[in-house]
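Not measured: the values here are computed from a predicted model.
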Amino acid sequence: MADDRDRDGTEIAVAEFHKKIKEAFEVFDHESNNTVDVREVGTIIRSLGCCPSEGELHDLIAEVEEEEPTGYIRFEKFLPVMTEVLLERRYRPIPEDILLRAFEVLDPAKRGFLSKDELIKYMTEEGEPFSQEEMEEMLSAAIDPESNSILYKDYITMMVIDEN
């Protein structure tokens, strides 16, 4: 009995995921031919609430690409892979408390903010560096225009995805 309920719940979840995946995919299927430009895949995945690293994104694209890459991803290949990602809850966003601790490491004086220059330095010179485009996008959302700094508690609140 419990197995039937679990299976029914999974089938309902899969049907809901298929609907969400199809809707997200169709936004970028400009030719209405069940394909999207490979460069749009990251945006589609992120619109579905997943936050893969660039390396994870490249691995995922390799999984859904044709044997001979065409620059386009077909819906038939994308759907089962993305369904599995959503069912397994892969690439979940980082929780708010962990983000806060990360910013606090960059702010040892516990000022509650980082200057624009500090943020640029950390995001382009440490770890997996941001591209110029990613940096500009982050700065446009994160920097307080009055102080020219990032008030990271406010930024984290804005960034966090509500799971419900």
Side-chain angles (χ1 to χ4, degrees), residues 10-106 114 116-143 150 152-164:
T10 301
E11 287 173 12
I12 290 168
V14 167
E16 287 177 17
F17 287 152
H18 281 189
K19 183 175 185 271
K20 286 180 180 177
I21 294 166
K22 183 158 183 59
E23 287 171 356
F25 194 92
E26 286 176 344
V27 169
F28 295 94
D29 183 5
H30 304 297
E31 305 292 322
S32 298
N33 63 358
N34 284 332
T35 65
V36 295
D37 188 303
V38 70
R39 295 170 294 189
E40 305 287 9
V41 171
T43 305
I44 295 168
I45 291 170
R46 289 181 184 99
S47 78
L48 293 166
C50 297
C51 301
S53 68
E54 282 303 306
E56 290 167 332
L57 179 59
H58 286 286
D59 292 346
L60 198 67
I61 289 171
E63 197 174 336
V64 296
E65 254 184 332
E66 300 298 317
E67 306 246 341
E68 292 291 321
T70 61
Y72 291 90
I73 302 298
R74 290 184 311 120
F75 181 70
E76 305 84 62
K77 288 194 84 164
F78 184 76
L79 181 66
V81 172
M82 199 61 220
T83 301
E84 186 179 325
V85 165
L86 293 175
L87 281 171
E88 293 175 0
R89 299 180 59 80
R90 268 192 266 163
Y91 316 127
R92 300 311 309 154
I94 297 170
E96 194 169 344
D97 61 321
I98 293 173
L99 285 172
L100 179 59
R101 286 200 306 258
F103 274 109
E104 287 173 342
V105 165
L106 302 176
L114 296 172
K116 181 178 178 178
D117 291 339
E118 288 172 317
L119 183 65
I120 290 170
K121 178 183 182 296
Y122 293 135
M123 302 311 285
T124 59
E125 296 177 15
E126 307 288 330
E128 188 176 320
F130 274 36
S131 68
Q132 182 68 31
E133 183 181 330
E134 289 169 325
M135 196 67 243
E136 287 171 10
E137 192 173 319
M138 181 179 187
L139 290 173
S140 72
I143 297 296
I150 175 175
Y152 52 80
K153 286 181 183 174
D154 294 343
Y155 181 60
I156 290 168
T157 302
M158 182 180 71
M159 265 188 350
V160 173
I161 297 170
D162 184 8
E163 289 284 315
N164 297 324

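The two residues V36 and D29 make their nearest non-hydrogen contact at CG1-N, 3.8 Å. Listed here is the closest heavy atom pair of L99 and I156: C-CD1, 3.7 Å. Smallest separation of non-hydrogen atoms from N33 and T35: OD1-OG1, 2.6 Å. Across every non-hydrogen atom of L87 and A13, the tightest pair is CD2-CB, 4.5 Å. For the residue pair R90 and C50, the shortest heavy atom distance occurs at O-SG, 3.9 Å. The minimum heavy-atom distance linking P93 with G49 is given by the pair CD-O, 3.8 Å.
Not counting sequence neighbours, E67 has no partner by the side chain to side chain donor-acceptor pair (under 3.5 Å) test. Taking the side chain to side chain donor-acceptor pair (under 3.5 Å) definition, one finds that E104 meets it with nothing, sequence neighbours left out. With sequence neighbours left out, the ring-ring contact (aromatic ring centres under 6.0 Å, His included) criterion links F25 to F75, F78. With sequence neighbours excluded, the residues forming a ring-ring contact (aromatic ring centres under 6.0 Å, His included) with F103 are Y152, listed by chain and number.
When side chains are defined from C-beta on, L79 does not count as touching K22, because their heavy atoms never get closer than 4.5 Å. Using a 4.5 Å cut-off on side-chain heavy atoms (C-beta onward), M138 and Y155 make contact. Residues L139 and M135 meet the side-chain proximity criterion, which asks for heavy atoms closer than 4.5 Å.
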request  = Report the C-alpha separation of L86 and I21 in whole Å, then their side-chain angles, then the decisive distance to 0.1 Å, and conclude whether the side chain to side chain contact (heavy atoms under 4.5 Å, CB included) test is met.
outcome  = CA-CA 10 Å; L86 293 175; I21 294 166; 3.8 Å; yes

request  = Assess whether salt bridge (charged side-chain N to carboxylate O under 4.0 Å, His left out) is satisfied between R46 and E40, documenting all intermediate values.
outcome  = CA-CA 10 Å; R46 289 181 184 99; E40 305 287 9; over 6 Å; no

key: Test log, rule side chain to side chain contact (heavy atoms under 4.5 Å, CB included), inputs E134 and M123   = CA-CA 10 Å; E134 289 169 325; M123 302 311 285; over 6 Å; no

inquiry  = Let's go through E96 and L100 carefully: what are the C-alpha distance in whole Å and the side-chain angles of both, what is the deciding distance for side chain to side chain contact (heavy atoms under 4.5 Å, CB included) to 0.1 Å, and is it a yes or a no?
reply    = CA-CA 6 Å; E96 194 169 344; L100 179 59; 5.8 Å; no

Evaluation steps, side chain to side chain contact (heavy atoms under 4.5 Å, CB included), between I45 and V85 = CA-CA 10 Å; I45 291 170; V85 165; 5.8 Å; no

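Rounded to the nearest 0.5 Å, atoms CG (L48) and OH (Y91) are 13.0 Å apart. With rounding to the nearest 0.5 Å, the separation of CD1 in I73 from CG in N34 is 13.0 Å. For the atom pair I150 CD1 and Y122 OH, the distance stands at 12.5 Å (nearest 0.5 Å). With values rounded to the nearest 0.5 angstrom, D37 atom CG is found 10.0 Å from T43 atom OG1.
The 12-atom threshold is exceeded at CD of E76, counting heavy atoms of other residues, nucleotides or ligands nearer than 6.0 Å. More than 12 heavy atoms of other residues, nucleotides or ligands lie within 6.0 Å of CD in E88, so this atom counts as buried by the packing criterion. Applying the 6.0 Å contact sphere to CD of E66 captures more than 12 heavy atoms from other residues, nucleotides or ligands.
The salt bridge (Lys or Arg N to Asp or Glu O under 4.0 Å) analysis of residues 56-65, with sequence neighbours excluded, yields no pairs. Residue pairs that meet the salt bridge (Lys or Arg N to Asp or Glu O under 4.0 Å) test with at least one member in residues 116-132, sequence neighbours left out, are R111-E118.
Here E16 does not pair with K20 in a salt bridge; the nearest charged N to carboxylate O distance is not below 4.0 Å.
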